[in-house]
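I have placed the structure first, in the form of structure tokens, so that the comments after it can refer back to it.
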Amino acid sequence: MSNLQNTTSSSITFLLTGVPGLEAFHIWISIPFCFLYITALSGNSLILFAIATQPSLHEPMYYFLSMLSTTDLGLSISTLVTMLGLFWFNARKISFNACLSQMFFIKLFTVMESSVLLAMAFDRFVAISHPLRYATILTDFRIAQVGVSIVIRGTLILTPMVALLKRLSYCRSHVLHHSYCFHPDVMKLSCTDTKINSVVGLTAMISTVGVDSTLILLSYVLIIKTVLSIASPEERKKAFGTCISHIGAVAVFYIPLISLSFVHRFGKQAPPYVHTLIANTYLLIPPVMNPIIYSVKTKQIRRAVIKILHSKDI
């Protein structure tokens, strides 16, 4: 019994895993990952700075974009230390509590990103379907309420999922299969029943990402219905054009997530390093791509970014 108690104490140390079979090339593998992190951190910071300093961007659409950039920064920072530490210094050890903390923030920022994308879909729906009431529906106070609700929702749903891992006993290998703490990965190391953990984890994902994706789809069904009712082809094109950036952000969030699920389910014959590389890049794709998508596809953001960069050169 004492041994069982010891395995559940906070003294447990997990061992992170880099890219199996390619350990000798970790330094070289770290170069593209380092480039992705620099791109994600600088790109999202630039978007936030542009929105904060340019009065022309003080509108609901860009406030939601600032929330998206904030969650992308959080997601990048959550994995940066362990991933680059592992590739550069072979720093594999991570304490139990540090592992749970990292897992919580990775899940929290993932759920928050899904929630922000839903809020942005609602923003586009209101802008297209009720343009005259847009400013009265999406006031600054309501946008602030949405932001706070997103954080509270994620925290309340995910805290039980992570906290329940503390009740488990870890008497098997303490070697994780990723360069960060992944909820199913930690559960597999337990030698006690994890059915409750699995149910709570699945419920958390369905009630957040699952519900959000369904509502985003519904929003676009309503948006398309409204746009098709517009008589002028030019107005239709303009209305759809305001949604392009958001559709791109939805795609770069959900496609990697679905791809990772398919690889884990159907790609069991693939080499281990394939699973690891996909798992590592999946968390970096949205933070890297979102600033690029909005800078390229949104004229106001592009102008603001160019203005800021030009002023820095001067």
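No hydrogens, no waters, no symmetry mates; every other heavy atom, side chains included, goes into these values.
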Original post:
Which of parallel (below 30°), tilted (30 to 60°) and perpendicular (above 60°) describes His58 and Tyr63?
Top reply: parallel

**OP:** Taking Asp185 for its side chain and His177 for its backbone only, find out whether a donor-acceptor pair lies under 3.5 Å.
**Re:** yes

Original post:
Do the side chains of Val288 and Tyr37 get nearer than 4.5 Å, heavy atoms only?
Top reply: no

Original post:
In Å and rounded to the nearest 0.5 Å, what is the OH to OG1 distance from Tyr170 to Thr192?
Top reply: 7.0 Å

Subject >> Sidechain-backbone polar pair: Ser169 side chain, Cys171 backbone, donor-acceptor under 3.5 Å >> reply: no

**OP:** Give a yes or no answer on whether the side chain of Asn197 reaches the backbone of Leu164 with a donor-acceptor pair at less than 3.5 Å.
**Re:** yes

Please list, one pair per line, the donor and acceptor atoms closer than 3.5 Å that link side chains of residues 104-120 to other protein atoms, with sequence neighbours excluded.
{"residue": "Thr110", "atom": "OG1", "partner": "Ile106", "partner atom": "O", "Å": "2.7"}
{"residue": "Glu113", "atom": "OE2", "partner": "Asn290", "partner atom": "ND2", "Å": "3.2"}
{"residue": "Ser114", "atom": "OG", "partner": "Asp212", "partner atom": "OD2", "Å": "2.8"}
{"residue": "Ser114", "atom": "OG", "partner": "Tyr254", "partner atom": "OH", "Å": "3.1"}
{"residue": "Ser115", "atom": "OG", "partner": "Val111", "partner atom": "O", "Å": "3.0"}
{"residue": "Ser115", "atom": "OG", "partner": "Arg153", "partner atom": "NH1", "Å": "2.6"}

Subject >> salt bridge (Lys or Arg N to Asp or Glu O under 4.0 Å) pairs, two or more places apart, involving residues 195-204 >> reply: none

Original post:
Side chains of Phe64 and Leu68: closer than 4.5 Å at any heavy-atom pair?
Top reply: no

**OP:** For the pair Thr82 (side chain) and Ser179 (backbone), establish whether a donor and an acceptor sit closer than 3.5 Å, ignoring hydrogens and angles.
**Re:** yes

Original post:
Stepwise, does the ring-ring contact (aromatic ring centres under 6.0 Å, His included) test hold for Phe14 with His178?
Top reply: CA-CA 11 Å; Phe14 290 122; His178 296 81; over 10 Å; no

Original post:
Taking it one step at a time, do Val186 and Phe182 satisfy side-chain contact (heavy atoms from CB on, under 4.5 Å)?
Top reply: CA-CA 6 Å; Val186 174; Phe182 189 47; over 6 Å; no

Original post:
Do any N or O atoms from the side chain of Glu23 and from the backbone of Gly18 form a donor-acceptor pair under 3.5 angstrom?
Top reply: no

Original post:
Within the side chain of His26, is there an N or O that forms a donor-acceptor pair under 3.5 Å with the backbone of Val19?
Top reply: yes

**OP:** Start with the C-alpha gap between Ile306 and Arg302, add the side-chain angles, then the distance that decides, and say whether side-chain contact (heavy atoms from CB on, under 4.5 Å) holds.
**Re:** CA-CA 6 Å; Ile306 292 173; Arg302 185 167 65 249; 3.9 Å; yes

Original post:
When rounded to the nearest 0.5 angstrom, what is the spacing between CG in Leu284 and OG1 in Thr39?
Top reply: 9.5 Å

**OP:** Spell out, as yes or no, whether a donor-acceptor pair under 3.5 Å connects the side chain of Thr281 to the backbone of Ile278.
**Re:** yes

Going by atom type alone, with no hydrogens or angles, which donor-acceptor pairs under 3.5 Å involve a side-chain atom of residues 125-135 and a protein atom two or more places apart or on another chain?
{"residue": "Ser129", "atom": "OG", "partner": "Phe125", "partner atom": "O", "Å": "3.2"}
{"residue": "Ser129", "atom": "OG", "partner": "Thr226", "partner atom": "OG1", "Å": "3.0"}
{"residue": "Tyr134", "atom": "OH", "partner": "Asp123", "partner atom": "OD1", "Å": "2.4"}

**OP:** For Ser190 and Met187, indicate whether the former's side chain and the latter's backbone hold a donor-acceptor pair under 3.5 Å.
**Re:** no

**OP:** For Ser213 and Gly210, indicate whether the former's side chain and the latter's backbone hold a donor-acceptor pair under 3.5 Å.
**Re:** yes

**OP:** Please tell me if the side chains of Tyr62 and Thr298 come closer than 4.5 Å, counting only heavy atoms from C-beta onward.
**Re:** yes

Original post:
Is there a donor-acceptor pair closer than 3.5 Å between any side-chain N or O of Gln54 and the backbone N or O of Ala304?
Top reply: no

**OP:** Find out whether Leu257 and Tyr282 are in side-chain contact, i.e. whether some heavy atom of one side chain is under 4.5 Å from a heavy atom of the other.
**Re:** yes

**OP:** Could you grab the distance from atom CG of Leu283 to atom OH of Tyr180, nearest 0.5 Å is fine?
**Re:** 4.0 Å

